[in-house]
Structure formats: C-alpha cells, structure tokens
Amino acid sequence: MSLYHLCIVLHVLALSLWLGHMFVWALIAGPAMKKLQPKETADLLREKSLFRGGLGWPAMALLVPTGLYMLHVRGIEPSMLLSGAAFAGSQGHVLAAKLSAVLVMIGYQSYFGHRPAPIAIYFDMLAALTVIGASVLLVRGFV
C-alpha cells in the first residue's frame with residue numbers, strides 16, 4: 001500500500017469517526033439521554049462519554065495532515081491555498097466550498113465544543129454534508 005493510499009484510508013476513517021460521532025450524538029444519543037430519569041444518570045453518562053474531550057480534535061489531528069498530503073499529491077500546495085490560486089475553475093470552487101465548510105465545522109467545534117447548541121448543531125451537520133458532497137464531486141471528477 002502506498003503512502004497516498006494509506007492517507008486516504010486514515011482520512012476516511014478519521015472523517016467517519018468524527019462525523020459518525022457527531023450525528024449519533026446529535027440525532028440519537030442526545031435526545032435519548034434527555035428522557036433518562038433521574039437526570040443525574042444522564043449527566044453522568046454524558047460526562048463519562050466525553051471524559052477525553054470527544055473525538056473532534058483527535059480526528060482533526062489526522063484529517064489536516066492527510067488532507068494536505070493528498071492535496072500535495074494532486075499538485076496543490078499550502079501556498080496555493082493561502083494565495084487563492086487553488087480556487088480557480090470549477091474544481092477550485094468546489095474545493096473552496098469544501099474547505100469553507102471544514103472551517104465552519106472547526107469554528108463550531110472551537111466555540112461550542114461540548115456545550116449544548118440545539119440549533120447550531122444542525123448548521124454543523126449541514127456543513128458536514130457539504131464536505132462529504134464536495135469530496136465526492138472532487139474525487140469522482142464530476143466537476
């Protein structure tokens with residue numbers, strides 16, 4: 001297995017872990033815990049599930065370097081991202097949308113963390129779906 005393929009596997013696994021955790025907690029576990037009685041039991045379960053800070057930052061620690069390496073293999077360097085040269089053309093626009101959605105998700109993670117955010121979580125999930133959709137467009141060459 002080449003380094004590029006290993007990066008793809010690690011990137012997809014980290015993304016799956018991060019987004020899977022987010023969607024399960026927001027749509028299934030979170031609402032179910034609100035119904036647990038006594039309330040202290042739900043609070044204890046939530047606290048124990050987050051005892052290491054959740055999965056967002058560890059996943060991000062894998063996603064950033066693997067993503068940068070995969071862009072490098074495709075001929076896109078960090079300097080091109082910073083200058084905006086990477087965002088020309090239709091593929092560049094999709095890449096810009098994907099990276100913007102990633103920044104929204106990082107902002108959400110930084111600001112809200114593990115605090116309740118009943119409305120904002122849906123915008124974060126929309127950003128996650130945007131990342132997935134843009135990734136499919138880019139990888140499959142639909143643009």
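Keep in mind the model is a prediction, meaning the values are calculated, not measured.
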Q: Carefully, step by step, assess L71 and L95 under the rule side chain to side chain contact (heavy atoms under 4.5 Å, CB included).
A: CA-CA 10 Å; L71 285 173; L95 179 61; 4.2 Å; yes
Q. Going from NE2 on H5 to OG on S2, what distance comes out if it is rounded to the nearest 0.5 angstrom?
A. 4.5 Å
Q | Heavy-atom closest pair, residues M80 and G75 | A | SD-O, 3.4 Å
Q. Applying the 4.5 Å side-chain criterion to the ILVMFWY set and letting contacts propagate, would L62 and V102 be lumped into a single cluster?
A. no
Identify all side-chain donor-acceptor contacts of residues 117-143 below 3.5 Å with residues at least two apart in sequence or on another chain.
unit_1, atom_1, unit_2, atom_2, d
T130, OG1, L126, O, 2.9
S135, OG, K98, NZ, 3.0
S135, OG, V131, O, 2.7

(Q) Set out, in order, the CA-CA distance, both residues' side-chain angles and the distance that settles side chain to side chain contact (heavy atoms under 4.5 Å, CB included) for V64 and L68, then state yes or no. (A) CA-CA 6 Å; V64 170; L68 287 173; 4.0 Å; yes
(Q) Quick check on the hydrophobic clustering: are V73 and L3 connected, directly or via other members, by side-chain heavy-atom contacts under 4.5 Å? (A) yes
Q) Going through the checks in order, is the side chain to side chain contact (heavy atoms under 4.5 Å, CB included) test met by Y4 and R74? A) CA-CA 10 Å; Y4 180 73; R74 292 174 174 257; 3.7 Å; yes
Q: Treating Ile, Leu, Val, Met, Phe, Trp and Tyr as nodes and any side-chain heavy-atom pair under 4.5 angstrom as an edge, say whether L99 and L63 lie in one connected cluster.
A: yes
Q: Mind running side chain to side chain contact (heavy atoms under 4.5 Å, CB included) on W57 and I106 for me, showing each step along the way?
A: CA-CA 9 Å; W57 294 119; I106 291 171; 4.2 Å; yes
Q: Verify the cluster assignment for I76 and V94: are they in a single hydrophobic cluster under the rule of side-chain heavy atoms below 4.5 Å apart?
A: yes
(Q) With rounding to the nearest 0.5 angstrom, report the OG to CZ distance, S100 to F87. (A) 7.0 Å
**Q.** Euclidean distance, M60 CE relative to S110 OG, rounded to 0.5 Å
**A.** 8.5 Å
Q: Compare all side-chain heavy atoms of L19 with those of M105 and state whether any distance is below 4.5 angstrom.
A: yes
Q) At what distance, to the nearest 0.5 angstrom, does CE of M1 lie from CD1 of I8? A) 9.0 Å
Q.
Applying a strict under-4.5 Å side-chain criterion to I, L, V, M, F, W and Y, I'd like to know whether F112 and F23 cluster together.
A. yes
Q | Where at least one partner belongs to residues 8-18, residue pairs that pass side chain to side chain donor-acceptor pair (under 3.5 Å), sequence neighbours excluded | A | H11-T66
Q | From CD (Q109) to CE (M22), nearest 0.5 Å | A | 9.5 Å
Q: State, to 0.1 Å, how close A59 and A14 come at their nearest heavy-atom pair, and which atoms those are.
A: CB-O, 3.6 Å
